[in-house]
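The block underneath contains the structure these notes are about, expressed in structure tokens.
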Amino acid sequence: MRTHYCADVNESDIGKSVTVSGWVASRRDHGGLIFIDLRDKDQVVQLVCDPADNVEAHKLAEDVRDQFVLIATGKVRARGEGLENPKLKTGKVEIVVDNLIIENKSLPMPFDLGDDKVNEEIRLKYRYLELRTQKSYDIFKLRSKATVATRNALDELGFLEVETPIMTKSTPEGARDYLIPSRVHGGEFYAMPQSPQLFKQLLMVGGFDRYFQIAKCFRDEDLRADRQPEFTQIDVEMSFCDQEDVIEIGEKLIHSIFTKCGFDIPEKFNRMSYSDAMELYGSDKPDMRYDLKMVDVMDIFARCDNEIFSNIAKDAKKNRIKALKVPKGDEIFSKRQMKGFEDYVRKFGAGGLGYFQMKEDGLKGPLTKFFTEDDIQAIIDRCELEVGDAVFFGAGNKKLVWDYMGRFRIYLAEMMDIIPKDRFEFLWVMDFPMFEIEDGKMKAMHHPFTMPKTDENGKIVYDELEDLQSISYDIVLNGTELGGGSIRIHKEDIQKEVFKLMGISDEEAEEKFGFLLDAFKYGAPPHGGFALGLDRMIMLMTGASSIREVIAFPKTQKAQCILTQAPSEVDQEQLNDLSLRIRKQVQA
RNA sequence: UAGUCGUUAGAUAAAUGGAAUAUCGUGUGCCUAUCAAGCACAAGUUGUGGGUUCGAAUCCGAUACGGCUAACCA
């Protein structure tokens, strides 16, 4: 049908007859002479309809409107002196149309294509029109490049791509499942996978040695700017490996993907322990593009006259008093702003937010009166304060302090606009705790199949269960959790002990994961792996502000698809088939 | 569920309690070299439903919808 894509028409075609096709990006009628910018998948080429060249084509062009579908044949010619358009790749030439076919018409656009200020609801309702823009095309071109690079890189490293089921078994723990009612087994449900975790471990028992999958995953939790109910994960698992082997594969894969997508990133990434990440940055996914580290000042506050602080400082195990220095903060922020920061951290459970200002004549602030001169000097030294700096304090339960001081760090960085764009800072966060206590219950921090650290005899040893570490790692990019993984438990006795520590009974374990535990009885190899969030990766590569931009047909925060109106009610007949009855909500 | 911001023409925005405006788009007409071209003209249920008022886009309740955030996300 076509001889050229619009983008490919160039000076070497001058004098030749070409056929191009696409959508009208703009039409300009100069009275007698009509110009049409024709766009196909990405680029634009200019058509000229001149009655002096072809009366019929010109007559047809009078009816042409934006986004009509055209097939145009004509001679390529150089644009005259001063008529070139440097903004277009094809700006040095144009096509003089002698045969024009209006293949299809279009209603006027319901919104201005390419105007990203347009309400997202409208853009999503007409998502297919937004996809027609160059910006969208470029995003999905990059996404495609990334997935192809993934397949090539892993193929070269000896990984086998295997598909695992979408209709599977509900596994409690973790996020809420999306359920699929069974017709054949009334009252029973399949679950959609939150990740192919258990299947990939079974593939290791199956002897495939190295597996990967670009896997759709489903989680029924509330949506965020970087979270969708269905998302894509690059899922990787390998046998006979230790942590270093897995990290090496992860770095090779990420390096290969980013390189193929045109980004220059290092081959090896920095590492940080989970506990350092929390103590220094108040986050298990610190953004390393800027500094703003926290400093511990609990010992100094223990000596102050303020009982609130000295009491908090008494329990060094449970509590923290952290200082966050903001270079030149006293010069940047007004006193009013500094007080306003307190409101920000209160939203995340902080009792308050103390601050000092470093003035010419020493440290000032509402809290200084509680400290001796020596201790004030100690604070200055510990925080390395210089004139013009401000320093903020958070005190209380360590998890709370980490959380709100960590958020405050990000908030400050955004406010001061010190986050460099166009930079990729990768970081491995290592040695996550095995368990976390939630409502007095021991919960797996990663998942219950994560290998805890053991001694040389393969025994789990710990003083406090909370301090027991696991062999697990997250890969963090610019403050976003790009993915994570772990070495898995492949021995029955360790798995049993972990279940026991978590308070999961043998019966419960059997019922929930019996198939996996059975499989491990038949020679499970040591194995481990990781998974990378593909959507988030593309989001970071393209600088998109929302994950919805990098998903072809995304859902809104209420988990609806505005385009198809899903979810929707179904026929009574379908419900009967599935042995389901809908309990009607009674209007109050 | 809560906090917060928002909802004005097809789109984006403006409007001290007193005539609803602008830009783009759309339609019609004019125009032979523009670069989303220019000129002229044309078309409006202020999300919905109440209230206060001589008079409401504006003030006050209510409600719907959307964005962001929190709880959730092994």
Side-chain angles (χ1 to χ4, degrees), chain A residues 24-37 39 44-53 58 65-67 79-88 90-92 94 96 106-126 129-130 171-177 194-195 197-198 217-229 231 343-344 346-349 403-404 407 410-411 432-436 438 441-450 470 472 481 484 486 498 502 504 512-513 531 533 545-546 548 556-560 562:
Chain A
V24 175
S26 104
R27 167 187 167 277
R28 299 178 295 280
D29 185 348
H30 286 254
L33 194 62
I34 295 171
F35 298 97
I36 294 170
D37 283 351
R39 180 192 298 279
V44 164
V45 70
Q46 174 164 284
L47 309 179
V48 188
C49 297
D50 189 336
D53 294 307
H58 177 264
R65 293 293 180 274
D66 273 5
Q67 301 300 327
R79 297 200 192 186
E81 188 83 11
L83 299 175
E84 294 177 357
N85 185 353
K87 282 188 231 160
L88 293 183
T90 61
K92 288 193 170 155
E94 61 190 2
V96 184
S106 169
L107 291 172
M109 291 298 102
F111 63 96
D112 297 350
L113 299 192
D115 179 356
D116 49 16
K117 283 201 296 260
V118 175
N119 191 327
E120 194 173 13
E121 204 180 346
I122 293 160
R123 289 177 3 227
L124 287 181
K125 183 174 175 192
Y126 299 99
L129 295 178
E130 193 178 29
T171 51
E173 297 275 330
R176 232 172 268 123
D177 284 321
Q194 295 178 27
S195 99
Q197 181 63 35
L198 302 184
C217 304
F218 307 86
R219 291 179 193 176
D220 186 4
E221 296 297 349
D222 289 344
L223 285 72
R224 290 288 182 274
D226 63 353
R227 242 160 57 191
Q228 282 275 302
F231 59 97
D343 294 333
Y344 178 78
R346 274 187 203 279
K347 282 191 283 194
F348 305 105
D403 181 57
Y404 71 75
R407 290 176 192 273
I410 299 169
Y411 180 78
F432 279 75
M434 186 72 193
F435 302 110
E436 62 182 338
E438 217 167 73
K441 252 187 84 180
M442 211 44 97
K443 249 181 94 185
M445 189 133 179
H446 217 71
H447 54 65
F449 316 107
T450 302
S470 59
S472 59
E481 183 192 331
S486 63
V498 167
M502 290 176 64
I504 296 177
K512 287 176 180 169
F513 323 107
S545 56
S546 148
R548 294 183 290 273
T556 65
Q557 201 184 28
K558 295 263 158 67
Q560 288 170 317
I562 293 189

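In what follows, chains carry the letters A, B, and so on, assigned in the order in which the sequence lines appear, proteins first and then strands, with residues in each chain numbered from 1. Values below: every heavy atom of this structure, side chains too, minus hydrogens, waters and symmetry copies.
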Is_stacked (A:His30, B:A37) at 5.5 Å, 30 deg: yes
Answer yes or no: side-chain N or O of A:Arg28 and base N or O of B:C31 forming a donor-acceptor pair under 3.5 Å. no
Within less than 4.0 Å of OP1 or OP2 of [N], is there a side-chain N or O belonging to [X]?
| X | N | value |
| --- | --- | --- |
| A:Gln560 | B:G66 | yes |
| A:Arg123 | B:A11 | no |
| A:Lys558 | B:G66 | yes |
| A:Arg548 | B:G66 | no |
| A:Lys117 | B:G6 | no |
| A:Arg224 | B:A70 | yes |

With sequence neighbours left out, write down each residue that passes side chain to side chain donor-acceptor pair (under 3.5 Å) with A:Gln197, or none if nothing qualifies. A:Gln201, A:His447
Would you kindly compare A:Ala25 and A:Arg219 by the position of their nearest RNA chain B nucleotide and give the one closer to the 5′ end? A:Ala25
Atom pairs and distances, donor-acceptor, side-chain atoms in residues 25-32 of chain A, under 3.5 Å, two or more places apart:
from    : atom 1 : to      : atom 2 : distance (Å)
A:Ser26 : OG     : A:Arg28 : NH1    : 2.8
A:Arg27 : NE     : A:Ala61 : O      : 3.1
A:Arg27 : NE     : A:Val64 : O      : 3.0
A:Arg27 : NH2    : A:Glu62 : O      : 3.1
A:Arg28 : NH1    : A:Asp37 : OD2    : 3.3
A:Arg28 : NH2    : A:Gln46 : OE1    : 2.9
A:Asp29 : OD1    : A:Gly31 : N      : 2.7

Per A:Glu120 side chain, nearest of listed nucleotides B:U34, B:G67, B:U26: B:G67
